[in-house]
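We use all heavy atoms of the structure for the numbers below, so side chains are in, but hydrogens, waters and symmetry mates are not.
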Amino acid sequence: MKIMVAIKRVIDYAVKIRVKPDKSGVETKNVKMSMNPFCEIALEEALRIKESGMASEVVAVSMGPTQCVDTLRTGLAMGADRGIHVEATGALLPLSVARLLRALVEVEEPGLLILGKQAIDDDCNQTGQMVAGLLNWPQGTFASKVVLDKEKQAVTVDREVDGGLETLCLDLPAVITTDLRLNQPRYATLPNIMKAKSKVIKKFSPQDLNVEIKSDLEVVQVTEPPKRKAGVIVSSVDELIDKLKNEANVI
């Protein structure tokens, strides 16, 4: 079985985000970029499935500008067998990404498609659900545990919900989106980083996949959240209660 994993290049989680002066988006020039943390978890899970003997190949897919190749190389250094880069210069919204993934699934014919549940740049949490709908595949979102049954050609997914845990059994092929507590991604070792340089990355354009990229959403404005006021130190419980009651109006 082949597993396809979608990975996204985003601003590194440790970088402080700066909004552009014209408020059209966030500043990405000269900013450290890295793989989306949820995508790292998705790739790690695919690699663990392969290492258990349940899959034969892991294919990493990234979409966006030329620099996405660096993110793919990171995925290959972690252990992915090969990469696919869909080169696109404009903004890719979830529905466009889902359509591109559907086209790639038709080309590659994987038995399992794994994605991070969301990207930390836009927090949309839509792509996995959309591509499952387009493919008409069963989906297990926010997975905190994944168990494959090769004989039954099914996968069991535990997902965290408000009331506790929900367990789903999905027939393969299926779409899974990963949550934070699914696993701890590995670090790429130096030998694997060197090996990744010789691994194959195949390039596609949206035109090659017969997918028209069009924007179904318009970003009107991006603004920073309001700055929080400095806290106040109180000298007694009575003063605290008085401020909560008369100034904050919360009691």
For the atom pair CD (Glu160) and OG1 (Thr141), what is the distance rounded to the nearest 0.5 Å?
11.5 Å

Residues Arg186 and Glu51 bridged, charged N to O under 4.0 Å:
yes

Could you measure the distance from the CE atom of Met63 to the CZ atom of Arg9? Nearest 0.5 Å is fine.
15.5 Å

Spacing of Tyr13 atom OH and Ile120 atom CD1 [to the nearest 0.5 Å]:
9.0 Å

Ionic contact status for Lys202 with Asp208, cut-off 4.0 Å
no

Do Glu109 and Lys2 meet the salt-bridge criterion of a basic N to acidic O distance under 4.0 Å?
no

Hey, are the side chains of Met4 and Val61 touching, using non-hydrogen atoms and a 4.5 Å cut-off?
yes

Is any side-chain heavy atom of Ile201 closer than 4.5 Å to one of Leu76?
yes

Are the side chain of Asp122 and the backbone of Cys124 linked by a donor-acceptor contact shorter than 3.5 Å?
yes

Find out whether Val26 and Val31 are in side-chain contact, i.e. whether some heavy atom of one side chain is under 4.5 Å from a heavy atom of the other.
no

Using side chain to side chain donor-acceptor pair (under 3.5 Å), reason through Gln139 and Thr177 one step at a time and then give a plain yes or no.
CA-CA 8 Å; Gln139 59 179 302; Thr177 70; over 6 Å; no

His85 vs Lys203 side-chain heavy atoms within contact, under 4.5 Å
yes

